[in-house]
Every structure is written in C-alpha cells, then in structure tokens.
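To start, the structure under review is shown below, and the notes come after it.
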Amino acid sequence: QAVVAASLRARTRSSARVAAEQGAPMASIRLLPHVRRSCRPAVDSVRCIATSAFALALGKRPRGRSAAFSLSDWRLAGGLAAAGIALDGISVQTCRRFASGCESAPAKDGLPEVVESFPSDLSLQSSTVRLYQFESCPFCRKARGVLDYSRVPYEIVEVHPLSKAETKGIAADYKKVPILEVRSADGRALQMRDSKNIVKAVLAVGGMGNAGTAAKVPAPSATASTGKMWPPADFEAGSIEEQWIRWTDAVLVQCIVLNVYRNFSESAETFSYLLTHPTFSWLAARSAAASGTVVMWAVAKNRKKKFGVPDERAALFESLDLFASAVSSGGGKFLGGDKPGAVDFNVYGIMRSTEGCQTERDFTEQCKGILPWWSAMNEVVGPCLATNANAVQRGA
C-alpha cells in the first residue's frame, strides 16, 4: 500500500508537469491533487481486495504449512495488484483530461434523454442503436435477445468492469449496465437503462409485440432449494406475467450467480471473455479478469450462505424445471403461448449469459425438460444482429 501511495503522489506531480507543458490553466493544475483524491476510492477498494486475498490465502492453509507464500498465492496477489495499477492509471488519465479542459467530454445538452418507454413512432430498425454491456451480464443478454428477435441492427459497446469509461460520456450518473442508446433518423437521442424496461419497450415498438403469458400458466412458486429467494420479503402479487418477471430477478438471476461463480475455475471461465477483447489493453483485460474472478467468487459464496442453498446446481435445475412445467401448462412452445412474451426474453437472456461456460453445458445435459423451450427460443431469436458480435469469445 505504501508503494501504491508513493506512486499516486509521483503520478500527480507528473500529471501537473505534463499539464503545464501543454499550456493548461494554473487553476486546473492546482486542482489536480483534489481530482486525484476523488479517484482514490476505486484504488483503495482494490487495495482492500488484495489485502483480503492475502489474508484468505493464509487463512485457508492447513495446519503446519509453511508461512511462505506459494506460487499460486503470488499469482493471485499479482493479478489483484495489476488491477490496482490499472485503476491508478485510469485515475491519471482522468486528471490529465481534466487539466486539459475535458475536451473529450460531450456537452450536457447533447446527452441522450433517459426514458422508460419509446415513442410509438420510433423506428428502431432505421435508428443507430448501441448497447452498452458486460458480455457475461444476465441483464445485458436480455436486451440482446429481444433486439435480435425484433431484427434490430445494433452495436455492442463492451464496458470495462473497473473503469466504466465507455459509459461516462452518456451516463456519468449511472454505474450499471445495460444501457440502450438510440439515435433516430430525425435527430432524437434516447437512452434506456433497465433491462426489464428495454425488453418491453423493444417488443412494443420493434414490430413483434408482447405476447404476455398464456391463459393457463400458473404463478411461480418456491422449490426445495429456493425457499429463501421466493417470494421476496417485499413481494406484492400482480398479474401472472408480473410475478414471473419478478421471479426471474429474485430467483433465476441468483441461481446463475451461484453457479457461474461457484468456484475459482468457473469464475475465471466466466471472465475469460475479457482476455479476448480487442479494445482492452493487456493489463486492463487481465486486471479486470483477475479482480472479477475473486470478487464474484466471494459474492457467490456469500449469497449461497444467505439463501441457505446446499447445492447450487440443484437450485438452478429445480428453477428451470419449474419454468419448463409452467410453459407446458400454458399449452404452447413459450410461456407466452405460440409467441414469446416478455417473461420468455427475461429467462432466455439470463440463461444465455452462461454461454460457453460449464453451467450451460450442465443444464443442457441435465435439464431435459427445458430443451424444447430453449430450442424454440434459439430458433425465433435467430442470429445475433450486432455488427461486432464476434469481438469477444465466450468460454475462451
């Protein structure tokens, strides 16, 4: 930590010197230390993770083991240290942009308007559409599925998990993904931020419509492993469709988190897409993958304990069987009947987030009841219409 602190001070002085050489106003240069301090929480969080990782490595050792760190311990700490260095570098660039007048930041008046639904006369097919996402995010894959189904061409903007630099230009006040940005042919600039809203809004104006749920579909219920997930404490019974949409976030997303991050190997597999991204530097990609692997593994462990789940795979398989049974009760290929509805796209997107991972291989092998619906969804959604769909490789 002392080394990183010294690095911060040295880099601040370096940033001020560069700013002065480039003719930046002295007032901006004097503010550099204050800007650096605003960047410190992110750096400090990674220091905390690194310190915790060392403690975890020591605490997990069997009795009698040497106090010296093993090669695997140093690899883990090295990856986390790289994350700290990357964040420090990011904060340096933030200071330099500030000192030079923030020329790279767009004017506030040019930001897309935040909306919860699209105007009825909006044509997504003739608009410029960008989806800001994390490749492995279940909520982002919901948006991709409904865009592909509606035959809307779009561009994927992969957001770096640590810096989130890609979204700062349009949504500096918002730290989550997905964000759907739409710029229409007549000059309207809009953005939508919630995956459930995105699904319903795209179905509404994309030409396909929302089929809702078939008449005989039952309400969702708890399974043997998900009793502490469903119903949630603040649950209010609405329509059958509303209950199932709530279920996808309260139960299915939690089951996915428990499974794709259930051990270090599978957590690393989930984040491996970062290593193939063409726009992330070698250091930025590896620092994000290393820190993400550790943090999300810890999150999964915490949630497993919180929800009292003895077996992650069993919880997921039970949830998929419950959904497949509801589809069968409705009498159609989808929960919406003959056409997929909003619930179908919420479930489909969440399951597509496991692409290329062991979780996907296991549920397609073990959950035979879900396969007819899964195959039908893959068929109607069709190929990915993102112009840069092959920019990253899942499971690589």
> How many angstroms lie between CG in Leu322 and OG in Ser221, if you round to the nearest 0.5 Å?
Replying inline: 4.5 Å
>> Using 0.5 Å steps for rounding, measure from the CD1 atom of Ile256 to the OG atom of Ser136.
In response: 11.5 Å
>> Looking only at the side chains, is there a donor atom on one of Glu158 and Gln133 sitting less than 3.5 Å from an acceptor on the other?
In response: yes
> Counting only heavy atoms not in Gln125, do more than 12 fall under 6.0 Å of its CD?
Replying inline: yes
> For Val381 and Phe345, what are the C-alpha separation, side-chain angles and deciding distance, and is it a side-chain contact (heavy atoms from CB on, under 4.5 Å)?
Replying inline: CA-CA 9 Å; Val381 169; Phe345 286 103; 4.0 Å; yes
>> Within the structure provided, determine whether Leu190 and Leu122 are in side-chain contact (heavy-atom separation under 4.5 Å).
In response: yes
> Are Phe264 and Val294 close enough that some pair of their side-chain heavy atoms sits under 4.5 Å apart?
Replying inline: yes
> What pairs with Arg130 under salt bridge (Lys or Arg N to Asp or Glu O under 4.0 Å), at least two apart in sequence or on another chain?
Replying inline: Glu155, Glu181
>> Between Ser150 and Val152 (side chain of the first, backbone of the second, donor and acceptor by atom type, cut-off under 3.5 Å), is there such a pair?
In response: no
>> Test of understanding: with side-chain hydrogen bond (donor to acceptor under 3.5 Å, both in side chains), list the residues that count as partners of Glu266, not counting sequence neighbours.
In response: Arg262, Asn263, Arg313
>> Show, in sequence, the C-alpha distance, side-chain angles and deciding distance for Lys196 and Phe139, and conclude whether the side-chain contact (heavy atoms from CB on, under 4.5 Å) test is met.
In response: CA-CA 8 Å; Lys196 296 184 290 295; Phe139 306 104; 6.0 Å; no
> Within a strict 4.5 Å, meaning less than it, do heavy atoms of the Leu147 and Leu180 side chains meet?
Replying inline: yes
>> So, taking the atom named CG in Leu316 and the one named CG in Asp321, what distance separates them when rounded to the nearest 0.5 Å?
In response: 9.5 Å
> Taking all non-hydrogen atoms of both residues, which atom of Ser291 and which atom of Ser287 are closest, and how far apart?
Replying inline: OG-O, 2.8 Å
> Within a strict 4.5 Å, meaning less than it, do heavy atoms of the Val260 and Ser353 side chains meet?
Replying inline: no
> Would you call Val202 and Tyr149 a side-chain contact if the rule is heavy atoms closer than 4.5 Å?
Replying inline: no
> Is the side chain of Ser319 donor-acceptor paired with the backbone N or O of Ala315 at a distance under 3.5 Å, no angle test?
Replying inline: yes
> Got a donor-acceptor contact below 3.5 angstrom from the Thr354 side chain to the Cys357 backbone?
Replying inline: no
>> I need the minimum non-hydrogen distance between Thr364 and Arg361, along with the two atoms involved.
In response: OG1-O, 3.1 Å
> How far does CZ of Arg352 sit from CH2 of Trp374, to the nearest 0.5 angstrom?
Replying inline: 5.5 Å
> Going by heavy atoms in the side chains, are Asn210 and Glu241 under 4.5 Å from each other?
Replying inline: yes
> For Thr248 and Phe323, what are the C-alpha separation, side-chain angles and deciding distance, and is it a side-chain contact (heavy atoms from CB on, under 4.5 Å)?
Replying inline: CA-CA 10 Å; Thr248 64; Phe323 179 74; over 6 Å; no
>> Taking side-chain hydrogen bond (donor to acceptor under 3.5 Å, both in side chains) as the definition, give me every residue that meets it alongside Tyr154, ordered by chain and number, with sequence neighbours left out.
In response: Asp148
>> Taking Glu355 first and then Arg144, would you say they form a salt bridge - that is, a charged N and a carboxylate O separated by under 4.0 Å?
In response: no
>> Is a donor from one side chain sitting under 3.5 angstrom from an acceptor on the other, for Arg246 and Gln243?
In response: no
> Which atoms form the tightest heavy-atom contact between Val380 and Arg151, and what is the distance?
Replying inline: O-NH2, 3.3 Å
>> Can you confirm whether Tyr273 sits close enough to Phe134 that some side-chain heavy atom of one is under 4.5 Å from a side-chain heavy atom of the other?
In response: yes
>> Could you work out, with salt bridge (Lys or Arg N to Asp or Glu O under 4.0 Å) as the rule, every residue matching Lys304, not counting sequence neighbours?
In response: Glu312
> Given Lys175 and Thr167, is the side-chain contact (heavy atoms from CB on, under 4.5 Å) satisfied, shown in steps?
Replying inline: CA-CA 8 Å; Lys175 306 302 181 185; Thr167 60; over 6 Å; no
>> Rounded to the nearest 0.5 Å, what separates atom CG in Leu111 from atom CG in Asp173?
In response: 9.0 Å
>> Going by side-chain hydrogen bond (donor to acceptor under 3.5 Å, both in side chains), name the residues that satisfy it together with Asp186, two or more places apart in sequence or in a different chain.
In response: Ser184, Arg188
> Centres of the Tyr261 and Phe271 rings: under 6.0 Å?
Replying inline: yes
> With distance as the sole test, does Gln191 use its side chain to make a donor-acceptor pair with the main-chain N or O of Ile170 at under 3.5 Å?
Replying inline: yes
>> Rounded to the nearest 0.5 Å, what separates atom CG in Leu203 from atom CD1 in Ile198?
In response: 11.5 Å
> Taking a hydrophobic cluster as the set of Ile, Leu, Val, Met, Phe, Trp and Tyr residues connected by side-chain heavy atoms closer than 4.5 Å, whether directly or through intermediates, do Val114 and Val157 fall within one such cluster?
Replying inline: no
Using residues 329-342 as the side-chain source, report each donor-acceptor pair under 3.5 Å to any protein atom, sequence neighbours left out, with the distance given to one decimal.
residue, atom, partner, partner atom, Å
Ser329, OG, Ser325, O, 3.0
Lys339, NZ, Met208, O, 2.6

>> Using a 3.5 Å distance criterion without hydrogens, assess whether the side chain of Ser328 forms a donor-acceptor pair with backbone atoms of Ala324.
In response: no
> Side-chain heavy atoms under 4.5 angstrom apart, residues restricted to Ile, Leu, Val, Met, Phe, Trp, Tyr: same cluster for Leu320 and Leu371?
Replying inline: yes
>> Do Lys200 and Phe118 make a side-chain contact, defined as non-hydrogen atoms from C-beta onward lying under 4.5 Å apart?
In response: no
>> On a heavy-atom basis, which atom in Pro161 and which in Leu274 lie closest, and how many Å separate them?
In response: CD-CD2, 4.0 Å
> Under 3.5 Å, side chain of Thr226 to main-chain N/O of Met229, donor-acceptor pair present?
Replying inline: no
> Would you say the side chains of Trp244 and Asn346 form a donor-acceptor pair under 3.5 Å?
Replying inline: no
>> Strictly distance-based, threshold 3.5 Å: is any side-chain N or O of Glu360 a donor or acceptor partner for the main-chain N or O of Gly356?
In response: yes
>> Please identify which of these residues, Lys306, Arg303, Lys228, meets the side-chain hydrogen bond (donor to acceptor under 3.5 Å, both in side chains) condition with Gln254.
In response: Arg303
